[in-house]
Amino acid sequence: MNKPLTQDELKTLVGQAALQYVQPGSIVGVGTGSTVDKFIDALAASDRAIAGAVSSSVRSTERMRALGIRILEAADVASLPVYIDGADEIDHQGHMIKGGGAALTREKIVADLAERFVCIADESKLVQTLGKFPLPVEVIPMAAAQIARRFAALGAVATLREGVVTDNGGHILDVRGLAISDPQGFEADVNQWPGVVTVGVFARNRASVCLLGTGEGVKTLSF
Ligand code: 5RP
């Protein structure tokens, strides 16, 4: 019997599979994280020459630059055919929790430029209901305590991610104890709390496609 693939191998598989969504000569939106690192490596090693990439983090920018991929500023690009990124959780409608790597704000900005969001994830990320993974929320530091009180009023516990300052100078609250049954309503609601920069629910900018790494290979979920 074959040995089951490791999580790292599943990430490599979906990173490579995402290449099929990259049009030669186009500008690609690129997310952040260990799964996206696999995509970046696959892109750099492939013969699929692109015009450049719009990056969602300093981490991804550095990796792409080191591999010779040209970086363009989001402000200079009006739209992107595709944005490729990982997720911490994804449900069966393509709604996601993101921000485990603290890059959620720039990820949402770049995702918003894209016609299609292709999520790449191993099968451990597929859930029925979002919320088991602690929800990252980027906040303006002076608002963190009040935002934590608002989550407490919903029966959840928000803790400050110690020692983390985002690429935008924000702080991250990780919120435990949520079961997000209405991702769109929840995202819209929390987004309006003063001091919230970005909530890590991606419902408005949900995935159009998820390439899910499984023991049986890559499954394509379309939403
Ligand atoms: C970073 C993210 C990542 O996409 C998410 O954390 C998944 O990361 P990984 O591919 O390392 O599991 O949202 O802010």
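Residues: numbered from 1 along the sequence shown. As the structure lists them, so they are numbered: ligands from 1, and atoms in each ligand from 1.
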Going by the side-chain contact (heavy atoms from CB on, under 4.5 Å) test, name the single residue among Ile172, Val201, Val199 that passes it with Leu104.
Ile172
Which ligand 1 atoms, with their elements, are less than 4.0 angstrom from a heavy-atom of [X]?
X: Gly100; answer: 6 (O), 13 (O), 14 (O)
X: Ala103; answer: 14 (O)
X: Thr32; answer: 1 (C), 2 (C), 3 (C), 4 (O)

Heavy atom of the protein closest to atom 12 (O) of ligand 1 (residue, atom name, distance):
Lys125 NZ, 2.8 Å
Could you check whether atom CD of Gln146 has more than 12 heavy atoms from other residues, nucleotides or ligands sitting under 6.0 Å from it?
yes
One pair to check against side-chain contact (heavy atoms from CB on, under 4.5 Å): Leu212 and Asp122. What are the steps and the verdict?
CA-CA 5 Å; Leu212 199 68; Asp122 67 85; over 6 Å; no
Min over Lys98, Glu107, Glu138 of heavy-atom distance to atom 1 (C) of ligand 1 lands on Glu107
Is there a side-chain contact between Val157 and Val175, using heavy atoms and a 4.5 Å cut-off?
no
Counting both backbone and side chain atoms, is some N or O of Gly101 under 3.5 Å from an N or O of ligand 1?
yes
When you check the side-chain N and O atoms of Asn168 and Glu138, is any donor under 3.5 Å from an acceptor?
yes
Heavy atoms only, cut-off 4.0 Å: how does Ala87 contact ligand 1, side chain, backbone, both, or neither?
backbone
Applying a 4.0 Å heavy-atom criterion (strictly less than), which segment of Asp85 is in contact with ligand 1: side chain, backbone, both, or neither?
side chain
Below 4.0 angstrom, N of the basic side chain to O of the carboxylate: do Lys98 and Glu107 qualify?
yes
Whether Gly31 lies under 4.0 Å from ligand 1, heavy atom:
no
